[in-house]
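Proteins come first, then strands; the chains are lettered A, B, ... in the order of their sequence lines, and each starts at number 1. Everything numeric in this text was worked out from a predicted model, so none of it was measured.
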Protein chains: 2
Amino acid sequence: MSSTTGTDDPASAQGSGGPLLWRTPDEPTRGPRRGLTLDEIARAAVEVADRDGLAGLSMQRVAAEVGLTKMALYRYVANKDELEAIMIDAAVEEPPGPEALVGTWREQAEEFARLVSDVWTRHPWLPWVTVGERVMGPREVGWVEAAVRVVEPLGLAPDERMDAVSMLFGHLRTTLATASAGTRPWTADPAGGSTMRDLVAAHADRYPALTAVMTDPGRPVGSRWDFGLRCLLDGFAAAARRRAESR
Amino acid sequence: MSSTTGTDDPASAQGSGGPLLWRTPDEPTRGPRRGLTLDEIARAAVEVADRDGLAGLSMQRVAAEVGLTKMALYRYVANKDELEAIMIDAAVEEPPGPEALVGTWREQAEEFARLVSDVWTRHPWLPWVTVGERVMGPREVGWVEAAVRVVEPLGLAPDERMDAVSMLFGHLRTTLATASAGTRPWTADPAGGSTMRDLVAAHADRYPALTAVMTDPGRPVGSRWDFGLRCLLDGFAAAARRRAESR
DNA sequence: TCTTACTGTGTCTAGCGTACACAGTGTCCG
DNA sequence: CGGACACTGTGTACGCTAGACACAGTAAGA
C-alpha cells in the first residue's frame, strides 16, 4: 500500500487534481529523465488557452505546444481535469500578501477586486473554469485566504465571512466572464449583445420596463464596474452594522 | 432574397438561435409533414438534461429520446447551440406577470429570487448554460423584464437598474450553480467540498484566516441563502439612497 | 402525371479523451 | 559486468462528439 507499487499513474490512486497540486511527487530513480517539468506544461497549457480559449484547449494542442505526443502528456497528468487544475493554479499567480492590501477594509476590498480583475483579464478563461466542484490549488486557496482577511475587520460571523467572499468572487466572475465574451456586461448577463437590444425594441409592447432601460444612452463602463462593487460592499457594510447592533 | 429560396436550413441564413426562438417559420406546403414539433423536441432535450446533466446532452441522445435519427434533428434545429437555445426557453417557463409580484420592492425581489430559484432548481443545468454570449428567448427576456420591474421603484438610473438585475441574476446563478453541484455553497464557490476543508486544515499555517472560518460549525443553509440576498438588496437600497441624496 | 419541395436515413470526416501495448533508456542489484 | 526493472515517450485503437452530404421516400402543386 506504500509507494513501492511503482505504478504508471502520475496521480496514483488519488482523485484527479489531488497530489500534483499540493505535493511534489518524489522523483523516480530509474528510467530516463523527464524532458519537461509540470510547470512548463502548465505554462504551455495556459498559453494555449490564452490564445485559443477554453474550447481550443485539447491534450493534442498542449502536447504539440511542448513538443510531445498527446499520450506522453498522460505521463505528467492523469487526465484533462488534472491538467486544467494545474494550469489554473499556474495562471492565478501568487495571491497578494498582507502587505499588499492596506487601508480600510473597503479600500482593501476594492484593491483586491482590482487584482483579481487583472489576473482574470489576462486569462479570460479563468472566470469560466473556476466554477463547479474542483480541487483548488495552493495559490487559488491563497486568493480565498486573502479575501477572507479583507472582510475580517467587518466583524461578521465565520460563515458570513465566507459567504461574503463567495459573493465577491461570484460578482467578479459574472462581470469578467461576460465582459471577456466581448459583450457589455449589463447586456450580457442573461442577454447577448446588441441582438438583445434589437429584440426588445422589436417587441417593445411586451417588455416596457426593458425598453425604458435600453433606450438609455448608457454610461462609461468604468462607472458600471464601480456601481456593482459599491453595491456589494455596501451590502457587506449593512450586514456588519446589523450584526453589530444585534450584539 | 425573400423566403422563396426553399433552403434546407431550418434557420436559413440567420444566426443560430435567431428565428426559431422569436418567430414561427411559415409551414411548408409540399412534402411530408413533420413528425414532431419544436416544442416536443425542446421538452425531450430538457428531460435529457434533467436526467443526465449538460454533459450527457448530445444530439444522439435527444434524437433517440424523440425516436429520430441524429441527423433528422438537424431538420428542426440548425445546430446544437440552437437546440440549447430552444430548450432553455422551454425550461424557464412563463415569467411572473405583474400580478405575481406584489408588496414592497424588497418583498418583490425576495419573491422573484424564490421563483428563479424554483425553476433553476428544477433544472439544475440552467444556471450553467445561461451565461455567455447567447440569443435569449422571449420567455427568458420576460424574466429579465420582470426583474427590471421589481427594481424600478428604487429610482435608480436606467443602466444602474440593469446592473442591479445583472447582479441579482449573477448572485442566484453562483449560488444555485454551486448548490446543484452537490456542494455547500460557501465551500464550493472557489473550492471543492470537504477536500477544501481538509486541505486548509493540513496547511493551517499558510491559511490562518481560512482555518478560522473552516472550524466554525456552520449555520443552516437557509440562513446562508438569506444572508447573500439580504446583502445584495441592502446594497441596492444603499445605491438608491445615494442617488436620492445626490439629486 | 410530372415536377418539386420537403422529411428522414445512412454514410462519412475530423476531432475529442483516453486505454493499452510496445520500444527505448537509464539505474540499481546480484 | 549483466540482467532485471522502472520509467519515458510513441503508435494504435475505441467510443464518443458535431456536423456535411448524398440519397430514398412522400406529398402537394402545375
Side-chain angles (χ1 to χ4, degrees), chain A residues 2-13 16-17 25-38 40-41 44-45 48-49 52-87 129, chain B residues 2-12 15-17 25-38 40-41 44-45 48-49 52-85 87:
Chain A
S2 71
S3 64
T4 50
T5 18
T7 167
D8 272 56
D9 192 347
S12 60
S16 90
D26 15 337
E27 266 189 56
T29 58
R30 310 240 260 238
R33 290 276 155 76
R34 302 187 141 184
L36 298 165
T37 63
L38 263 181
E40 289 174 289
I41 291 179
V48 170
D52 306 333
L54 262 190
L57 183 84
S58 73
M59 300 300 275
Q60 196 102 252
R61 297 270 300 101
V62 176
E65 187 82 11
V66 295
L68 276 182
T69 358
K70 180 177 57 164
M71 290 316 293
L73 263 190
Y74 286 93
R75 294 283 174 201
Y76 294 82
V77 294
N79 47 43
K80 199 190 178 183
D81 280 357
E82 197 172 75
L83 176 66
E84 277 188 11
I86 67 161
M87 70 187 276
V129 85
Chain B
S2 71
S3 64
T4 50
T5 17
T7 166
D8 270 54
D9 193 347
S12 60
S16 89
D26 15 336
E27 265 190 56
T29 58
R30 311 239 260 239
R33 291 274 155 76
R34 302 186 140 184
L36 298 165
T37 63
L38 265 180
E40 289 175 289
I41 291 179
V48 169
D52 305 334
L54 262 191
L57 183 83
S58 73
M59 300 300 273
Q60 196 104 252
R61 296 271 300 105
V62 175
E65 187 83 10
V66 295
L68 277 181
T69 339
K70 175 182 62 166
M71 290 315 293
L73 262 190
Y74 286 96
R75 295 285 175 198
Y76 294 82
V77 293
N79 47 44
K80 200 188 178 185
D81 280 357
E82 196 172 75
L83 175 67
E84 275 187 12
M87 69 185 278

Could you tell me the separation between the [atom1] atom of [X] and the [atom2] atom of [N], rounded to a whole number of Å?
X	N	atom1	atom2	value
B/Asp52	D/dT17	CG	P	11 Å
A/Asn79	C/dC16	CG	P	17 Å
A/Met59	D/dC14	CE	P	21 Å
B/Leu73	C/dG10	CG	P	14 Å
B/Glu27	C/dA5	CD	P	18 Å
A/Leu83	C/dG17	CG	P	9 Å
B/Tyr76	C/dT9	OH	P	9 Å

Evaluate side-chain contact (heavy atoms from CB on, under 4.5 Å) for A/Arg34 paired with A/Tyr76, printing each intermediate quantity in order.
CA-CA 9 Å; A/Arg34 302 187 141 184; A/Tyr76 294 82; 3.5 Å; yes
On the side chain of A/Lys70, is there an atom forming a donor-acceptor pair with the base of C/dT18 - under 3.5 Å, no angle test?
yes
Could you work out, with salt bridge (Lys or Arg N to Asp or Glu O under 4.0 Å) as the rule, every residue matching A/Arg33, not counting sequence neighbours?
none
Sequence-distant partners of B/Arg30, salt bridge (Lys or Arg N to Asp or Glu O under 4.0 Å), two or more places apart:
none
Short side-chain N/O contact from A/Gln60 to OP1 or OP2 of C/dC16, under 4.0 Å:
yes
Look at B/Thr69 and C/dG8 and indicate whether a side-chain polar atom (N or O) is within less than 4.0 Å of OP1 or OP2.
no
Given C/dG17, C/dG8, C/dT7, identify the nucleotide with an atom nearest to the side chain of B/Arg34.
C/dT7
Selected nucleotide, minimal atom distance to B/Leu68 side chain, candidates C/dG8, C/dC16, C/dT7:
C/dG8
Under 3.5 Å between N/O atoms: give me all the protein pairs with nucleotides 27-30 of chain C, atom names plus distance.
from   : atom 1 : to      : atom 2 : distance (Å)
C/dC28 : O4'    : A/Arg30 : NH1    : 3.4

Per nearest nucleotide of DNA chain D, the residue lying toward the 5' end, A/Ala72 or B/Leu57, is A/Ala72
List every contact pair, protein side and nucleotides 1-3 of chain D side both N or O, where the distance is under 3.5 Å.
none

Got a list of side-chain donor-acceptor pairs under 3.5 Å for residues 62-70 of chain B, not counting sequence neighbours?
from    : atom 1 : to      : atom 2 : distance (Å)
B/Glu65 : OE1    : B/Arg51 : NH2    : 3.4
B/Glu65 : OE2    : B/Arg51 : NH2    : 3.0

When rounded to the nearest 0.5 angstrom, what is the spacing between [atom1] in [X] and [atom2] in [Y]?
X	Y	atom1	atom2	result
A/Ile86	A/Asp81	CD1	CG	12.0 Å
A/Met59	A/Met71	CE	CE	8.0 Å
B/Met87	B/Ile41	CE	CD1	12.0 Å
B/Glu84	B/Leu54	CD	CG	6.0 Å
B/Asn79	B/Tyr74	CG	OH	7.5 Å

Find which nucleotide of DNA chain C each of B/Gly35 and A/Arg61 is nearest to by heavy atoms, and output the residue with the more 5' nucleotide.
B/Gly35
Every protein N/O lying under 3.5 Å from an N/O of nucleotides 19-21 of chain C:
none

Provide the closest heavy-atom pair for B/Leu83 versus B/Ala45 in the form atom of the first, atom of the second, distance.
CD1-CB, 4.1 Å
